[in-house]
A.B. asks: 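Structure incoming, see below.
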Amino acid sequence: MCRSFCWRKEKITAAAAIMDLVKNWAEISSARLVENLRAVQAVANRGASAAVETLAVVKANGYGHDAALVARVLVDAGVRWLGVTDVEEGALVRAALGESGAQPETRLLVMCGLEPADCTAVIAQGLTPVVWTVDHIAMIEQAAEAAVQRVRVHLEIDTGMARQGVDLAGLAAVAERLAGSRWVVCEGVMSHLSSAEIADSAVTRAQRERFTEALQIIVSKGIRPKLVHLGSTSAVDEGSTMGWVRETAAQLGAGAMVRTGLALYGHCLPIDTGREGALTSRLQPVLTWKTRVIGIRQIGLGDTVGYGATFAAKSLMRLALLPVGYADGFRRAASSGIGDGWVMIAGKRAPVVGRVSMNLTTVDVTDIEGVAVGDEVVLLGEGVSAEEHARWSGTIPYDILCGIRAKFELK
Ligand SMILES: *Cc1c(COP(=O)(O)O)cnc(C)c1O
């Protein structure tokens, strides 16, 4: 697998002078990424006779892991479907796959909306849009006819998110329009769960029921989808939906697919009942975010640190200065007195002192012997997880990961 990435390593070596100037960087473990993929596939396929297709979600720049980088690893590992945010990201990922000579037949599902201006790129880049309105179908049809090329689309059903998707009341009209189109082919039918991390949720059951009804309407209009997909990471982890999707798909003579993002990157929301999910313990974080110490100073009793002078030393302290702040995605909520965050230096916790600034953060290294300028610092990784960052900020790991702005290296 490394071979196809040599171009990138070389590029990094050639740009070594520039990399030396980089203030914070993220190392991505391709081995862990592939292990996480295998774990998702193993759990999603439990008790299945036919393999469930995996769509690897690389939207939002690969949840902050560099979409081009992770897409290439995943495709090399056998993934046939990737989920991207929009046509712009689709084109970027398509180009990255093209450069590596990775399978040109890799399918890219455009997950977040469709506008008229996107349709030419959909065809030129070989993307597969998610559609849910008559207008979507009409605009794709126009572009497809002009290019004399049939376009496969996936129809999204709103079963309770009220975000994307057609609701049951509007479905018949959309399905009829799709069924009657010469140029637009309904390849997949999908929906998205709002509460997949809640065990045996009544909300999830209601969504599944609406999805069943939707599939009946779609079939009654003469559409025969090849793929049916509903679950994401938490659905695989929680478990009760995957078997249902497989059965539902099989009854239609279709394949089942799972759309997984967070798990690939080594994270999973806890199941709300506190019981461990089937997937959680098998995942390993893929990203290690690092920086270097750029300054060391001593402060004494009463000296204050940072904006607002929110921290005053109670004794002699040794502080290390880091060239990273909230502009890089190191959240202001990690400040002492707010989230009380920390970083790892030499395998030990160095607590944040005072407020995180835009591009600078100060940490306490009084109890870590011998810290010097140039020492490596782990901002997120071993000893300081995305879940901990999320806790400081009152948010979820998704939000932390896709907010990281760093240079990326494959390890
Ligand atoms: C982001 C997204 C996913 C992936 O969700 P994870 O929880 O990261 O696995 C799946 N489906 C849709 C519609 C999404 O927007």
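In listed order, ligands and their atoms are each counted from 1.
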A.B. asks: Only one of Arg208, Arg210, Gln207, Glu213 forms a side-chain hydrogen bond (donor to acceptor under 3.5 Å, both in side chains) with Thr159, so which one is it?
C.D. replies: Gln207

A.B. asks: Find all atoms of ligand 1 within a distance of less than 4.0 Å from any non-hydrogen atom belonging to Arg163, and give their numbers and elements.
C.D. replies: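 Every atom of ligand 1 under 4.0 Å from some heavy atom of Arg163: 15 (O).
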
A.B. asks: List ligand 1 atoms under 4.0 Å from Arg259, heavy atoms only on the residue side.
C.D. replies: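 So the atoms of ligand 1 that pass are 4 (C), 9 (O), 10 (C), 11 (N), 12 (C), 13 (C).
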
A.B. asks: Minimum heavy-atom separation for Val58 to Ala67, with atom names?
C.D. replies: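 Taking Val58 first and Ala67 second, the nearest heavy atoms are O-CB, 3.6 Å.
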
A.B. asks: Should the pair His136 and Trp132 be assigned to parallel (<30°), tilted (30 to 60°) or perpendicular (>60°) ring geometry?
C.D. replies: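 Plane angle over 60°, so perpendicular.
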
A.B. asks: Give yes or no for whether the N/O distance cutoff of 3.5 Å, strictly under, is met between Ser234 and ligand 1.
C.D. replies: no

A.B. asks: Only one of Leu322, Val293, Ile368, Val377 passes side chain to side chain contact (heavy atoms under 4.5 Å, CB included) with Val363; say which it is.
C.D. replies: Leu322

A.B. asks: Give me the nearest non-hydrogen protein atom to atom 7 (O) of ligand 1 as residue plus atom name, then the distance to 0.1 Å.
C.D. replies: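 I find the closest protein heavy atom is Tyr398 OH, 2.6 Å.
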
A.B. asks: Hey, is Val57 touching ligand 1 through its side chain, its backbone, both or neither, going by heavy atoms under 4.0 Å?
C.D. replies: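 Only the side chain of Val57 comes within reach of ligand 1.
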
A.B. asks: Using a strict 4.0 Å cut-off to heavy atoms of Gly261, name the atoms of ligand 1 that fall inside it.
C.D. replies: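 Counting from 1, the qualifying ligand atoms are 4 (C), 6 (P), 8 (O), 9 (O).
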
A.B. asks: Return the minimal non-hydrogen interatomic distance between Ile157 and Ala214, and the atom names on each side.
C.D. replies: CG2-CB, 3.6 Å

A.B. asks: Heavy-atom count check: over 12 atoms from other residues, nucleotides or ligands less than 6.0 Å from Arg282 CZ?
C.D. replies: yes

A.B. asks: Which part of Gln164 is near ligand 1, with near meaning a heavy atom under 4.0 Å away: side chain, backbone, both or neither?
C.D. replies: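 Gln164 to ligand 1: no contact under 4.0 Å from either part.
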
A.B. asks: Please work out, at 4.0 Å between heavy atoms, whether the side chain, the backbone, both, or neither of His267 comes within that distance of ligand 1.
C.D. replies: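 Answer for His267: neither.
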
A.B. asks: Nearest to atom 9 (O) of ligand 1, what protein heavy atom do you find, and at what distance?
C.D. replies: Thr233 OG1, 2.5 Å

A.B. asks: Suppose we measure from atom 4 (C) of ligand 1 to each protein heavy atom; which comes out shortest, and what is that distance?
C.D. replies: Tyr63 OH, 3.3 Å

A.B. asks: Answer yes if the ring centres of Trp81 and His154 are under 6.0 angstrom apart, and no otherwise.
C.D. replies: yes

A.B. asks: Between Leu262 and ligand 1, is there a nitrogen or oxygen pair with a distance under 3.5 Å?
C.D. replies: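 Yes; the residue has a nitrogen or oxygen that sits under 3.5 Å from a nitrogen or oxygen of the ligand.
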
A.B. asks: Which residue supplies the protein heavy atom nearest to atom 2 (C) of ligand 1, what is that atom called, and how far is it?
C.D. replies: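 The closest heavy atom on the protein side is Lys59 NZ, 2.5 Å.
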
A.B. asks: With a 6.0 Å cut-off on the ring centroids, do His267 and Tyr398 count as close?
C.D. replies: no

A.B. asks: Against heavy atoms of Thr260, which atoms of ligand 1 measure under 4.0 Å?
C.D. replies: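 With Thr260 as reference, the close atoms of ligand 1 come out as 9 (O).
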
A.B. asks: What distance do Ser232 atom OG and Leu55 atom CG have between them, rounded to the nearest 0.5 Å?
C.D. replies: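 Nearest 0.5 Å value for the OG-CG distance: 11.5 Å.
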
A.B. asks: Taking the non-hydrogen atoms of Met161, is any one of them nearer than 4.0 angstrom to ligand 1?
C.D. replies: no

